[in-house]
Amino acid sequence: MAEAADFQGMNPSPARRWLRRTASLIVGAPLIAGLLAGPATPSAHAEGKTKVPTGSRTVDVSLDTLAPSAPVEGDTLTVSGTLTNKGKKTVTDAEVDLRVGPKLSGRGEIDQTAKRTGYLPGSDPAKLGGSYTLKVPKLASGVSQDFTLAVPVDKLDLDSEGVYQLGVSLTGRTSDYTYDQVLGIQRTFLPWQPEDTKKKTDLTFLWPLIASAHVTAETGSDEQQTPVFANDDLALELAPGGRLEQLVSLGRQLPVTWVIDPDLLASVDAMTKNYRVRSGNTTVAGTNQTIAKKWLADLQAAVKDGTVVALPFADPDLASIAHRGKNVSGALSHLQTATEVASTTVETVLHVKPSTDFAWPVDGAIDPSVVDVATSAGAHKVIARSDSLEETGGLLYTPTAARPIGGGTTAVVADHRLSTAFTGDMAKAGASTLAVQKFLAQTLAVTEQAPDKQRSIVVAPQRTPTAAQAQTMARALQALTAEHWTKPLDLTEAAEQKPDAQATTRVPRAAQYPKKLRNQELPTQAFQDIRTTQSSLDSFQVILTQPDRVVTPFGNAINRSVSTSWRGSPLEAQRYRDSVRTYLQGLSNEVQLITKSDVTLSGRSATIPVTVQNKLVQGVDHLVLRLTSGNATRLDLNDGGAVAEKPVEIAGGHSQSVKFDAAANANGQAQVTARLFTADGTPYGEAMTFTVKVSEVTPTVLLVIAGGLLLLVLAGIRMYTHRKRTVAGGAPEDDGGEPEQPSDPESDTGPESGDPSGPGEKVDR
């Protein structure tokens with residue numbers, strides 16, 4: 001009856017009506033999805049398996065080139081890239097299209113657009129279509145295919161000046177969906193400026209030449225003090241295609257401010273001559289002089305007419321010193337020394353006078369203590385970053401970089417968005433192109449914020465960009481060389497620009513310093529290790545006749561111990577500090593006392609010799625050898641005292657025997673301690689202790705000796721008389737049969753050694 005009622009038009013039951021509505025929704029779902037062409041939800045094969053890309057993430061669209069990056073009227077925009085089917089099904093009946101617009105209203109909207117991935121109807125405009133569409137009949141799963149689209153700019157419907165969203169999409173079908181839908185899309189930005197801006201934004205771009213430490217504290221014993229490198233990795237960066245080679249070859253064509261670590265210059269300059277490379281327990285000759293000479297010559301030509309900013313030698317970690325080291329004595333003095341040597345090094349190697357008035361904390365992050373340390377060595381300008389110093393202070397536009405922060409110090413605030421635009425893997429063409437277009441878009445957006453207001457912005461990229469990152473930065477700057485909406489300005493001029501009155505000048509509190517950066521800092525122990533090494537160096541150099549041979553290389557090594565390049569490599573940093581300290585201790589031990597055996601005295605007075613050995617290649621002086629008797633009653637030194645001292649001066653590779661007069665007062669043993677001291681009374685090296693056995697001469701013994709001497713005299717008279725008689729009688733001469741007397745024992749100390757020092761005995765420069 002129920003079935004008959006349905007067929008006869010009777011009202012169906014509620015359950016049947018629910019089933020019909022559900023079936024209609026299921027059947028109509030694909031049609032609705034096709035009409036909307038929206039993103040489909042990824043589905044999973046089964047529990048525990050990875051999801052299969054579907055919808056607008058099925059095909060990966062990579063934009064490898066976009067030229068020109070900033071088109072003008074009359075240009076043809078060419079976009080090329082790669083399509084990769086990441087889904088499990090073959091894509092058919094597909095086409096690649098451009099989607100232009102909408103115009104973006106500001107920097108925040110550019111950021112939001114850059115974060116979007118899938119296709120969204122309404123937010124993404126319609127495709128350009130027509131003859132500018134590329135057909136892709138088939139794209140199998142896992143297969144990639146290149147594409148190129150070329151469109152005259154006047155066909156893009158670009159109205160007024162500004163930044164436009166530019167999308168490249170692939171629309172097609174799969175066996176699961178037999179209707180057209182967007183299966184992949186990639187967005188970028190198209191800056192458009194048909195007419196010149198009245199007031200172009202001043203753009204300062206820092207171009208860093210900074211590398212990690214490669215030179216050790218060790219040098220050869222030759223006159224030139226051949227430097228020893230920990231490895232030859234620096235040559236790889238200097239060689240054609242290497243990171244540093246690319247930075248120089250690209251930078252010389254760009255309007256940039258060179259920011260250079262003088263330690264890099266000193267290291268490369270050392271490589272142009274004879275140098276050695278550590279290999280296990282020995283060293284081998286370095287062979288990359290030609291590469292070093294070429295790089296240095298190219299750099300000299302590149303900076304000849306440019307602006308050079310010299311960082312303190314070895315690029316010290318200012319934040320680590322401020323947070324962990326400033327309370328350890330001597331830490332700030334190293335920063336002062338590193339700053340003083342910076343200018344001299346740059347002028348000597350590059351023949352240009354650099355500015356040393358800038359400090360650059362890591363990532364431009366500052367707090368009051370970082371600013372104090374940064375300016376303690378004489379810098380009056382600190383390169384900060386807008387994510388550390390509040391960017392606008394309520395302004396509706398990006399303010400000029402220069403801002404006074406008190407105490408005669410200027411913070412040159414680099415733009416955070418622009419300074420971090422080229423991080424990541426720029427070796428991928430798609431990533432590089434997106435970075436360039438976003439950088440151009442942001443700079444145009446800055447200019448558009450206040451087109452009638454002249455402003456100056458600074459870009460401070462990562463300290464050690466890779467070769468690919470450097471190439472991407474160069475592409476972005478080359479796109480601006482036509483001066484569409486910016487014009488170049490060097491850093492020294494940027495620091496002198498009139499600041500915006502409303503821009504914030506408040507330095508963040510210490511608690512606001514980024515935790516991630518704080519966790520990468522050198523520990524306090526590092527500065528304590530450095531203090532110990534410096535103390536040892538101070539004691540060592542005062543005894544040397546050529547102290548510069550150790551002060552220079554070890555001073556530079558100590559500066560390298562606090563380099564910013566150690567961030568993220570705590571174990572390597574510890575090994576470097578340990579190697580410097582160990583090598584210095586080894587050199588100090590080359591001046592030492594020779595171990596002495598016990599001495600026996602058989603008289604009231606005697607001489608005690610002590611030998612000092614110098615295995616260094618240079619002489620030592622300003623040393624005092626002190627001998628101390630542990631029992632002055634039994635054995636006294638220096639005319640009745642317990643202590644005797646004598647100066648020590650020894651040529652390189654020689655030994656010296658220092659003799660002390662001693663007097664015995666009683667039988668027995670006396671402990672004697674010998675130790676070297678510097679002229680100011682500081683102990684040098686380890687003390688040496690030996691035993692002196694005293695055998696005192698008594699009156700009875702003297703009587704026996706006197707009797708023996710009398711018998712010898714009488715025997716001599718008898719022998720003389722006997723010989724005289726024998727000669728008179730013609731008898732043969734006889735010596736009386738007395739045995740020959742043994743010679744005196746050898747001296748306790750041999751003559752001064754004249755042997756040359758061994759090949760490993762050296763003092764470093």
List in chain and number order the residues that pass side chain to side chain donor-acceptor pair (under 3.5 Å) with S565, two or more places apart in sequence or in another chain; answer none if no residue qualifies. S563
Verify, without hydrogens or angle tests, whether E109 (side chain) and S105 (backbone) share a donor-acceptor contact under 3.5 angstrom. yes
With a 4.0 Å cut-off on N to O distance, would you call D415 and R417 a salt bridge? no
Looking at every heavy atom in both P125 and R99, which two are closest together, and how far apart are they? O-NH1, 2.9 Å
Measure from NZ or CZ of R577 to the centre of the six-membered ring of W566, then state whether that distance is under 6.0 Å and the direction lies within 45° of the axis. no
Just jot down the salt bridge (charged side-chain N to carboxylate O under 4.0 Å, His left out) partners of K453, sequence neighbours excluded, or say none. D500
No-hydrogen, no-angle side-chain donor-acceptor test under 3.5 Å, H334 and N559: no
Is the closest side-chain heavy-atom distance between I366 and V507 below 4.5 Å? yes
From CA spacing to verdict: salt bridge (Lys or Arg N to Asp or Glu O under 4.0 Å), R509, D367: CA-CA 6 Å; R509 302 186 308 275; D367 62 22; over 6 Å; no
Nearest 0.5 Å, please: how far is CD in E245 from OG in S249? 4.0 Å
Keeping Q454 on the side-chain end and K200 on the backbone end, is there a donor-acceptor pair under 3.5 Å? yes
Cation-aromatic face contact K438/F189, 6.0 Å, 45 degrees: no
Give the minimum heavy-atom separation between T464 and Q469, together with the two atoms involved. O-OE1, 4.4 Å
Relative to the ring of F422, is the ring of F205 parallel (under 30°), tilted (30 to 60°) or perpendicular (over 60°)? tilted
Considering non-hydrogen atoms only, spot the tightest contact between T420 and T423 and give its length. O-OG1, 3.2 Å
Please check if the side chain of S388 supplies one atom and the backbone of R385 the other of a donor-acceptor pair under 3.5 Å. no
Got a second to check how far R187's CZ is from S169's OG, nearest 0.5 Å? 9.5 Å
Would you say L203 and V458 make side-chain contact, with heavy atoms under 4.5 Å? no
Within the distance-only criterion (no hydrogens, no angle test), does the side chain of T447 pair as donor or acceptor with the backbone N or O of W485 below 3.5 angstrom? yes
For the ring pair Y513 and H323, is the centre-to-centre distance below 6.0 Å? yes
I'd like to know if the side chain of S456 reaches the main chain of A494, judged simply by a donor and an acceptor atom lying under 3.5 Å from each other, with no hydrogens or angles considered. no
Where A331 and G325 come nearest, the two heavy atoms and their spacing: CB-O, 3.1 Å
Say you draw a straight line from CG of D261 to CZ of F313; how long is it, rounded to the nearest 0.5 Å? 7.0 Å
When you look at K326 and D372, which way does the salt bridge (Lys or Arg N to Asp or Glu O under 4.0 Å) test go after all the steps? CA-CA 10 Å; K326 69 178 181 180; D372 288 344; 5.5 Å; no
Verdict with reasoning, R116 to D111, per salt bridge (Lys or Arg N to Asp or Glu O under 4.0 Å): CA-CA 9 Å; R116 289 173 51 205; D111 292 337; over 6 Å; no
What is the minimum heavy-atom distance between V446 and R455, and which atoms define it? O-NH2, 2.5 Å
Least distance between heavy atoms, R252 atom then A301 atom: NH2-CB, 3.6 Å
Say whether, by atom type as modelled, one donor and one acceptor occur between the side chain of Q442 and the main chain of L418 under 3.5 angstrom. no
Worked verdict on Q186 versus S62 for side chain to side chain donor-acceptor pair (under 3.5 Å): CA-CA 7 Å; Q186 179 62 268; S62 173; over 6 Å; no
Are D263 and N556 close enough, and set up right, to give a side chain to side chain contact (heavy atoms under 4.5 Å, CB included), and what steps lead you there? CA-CA 8 Å; D263 182 31; N556 290 341; 5.9 Å; no
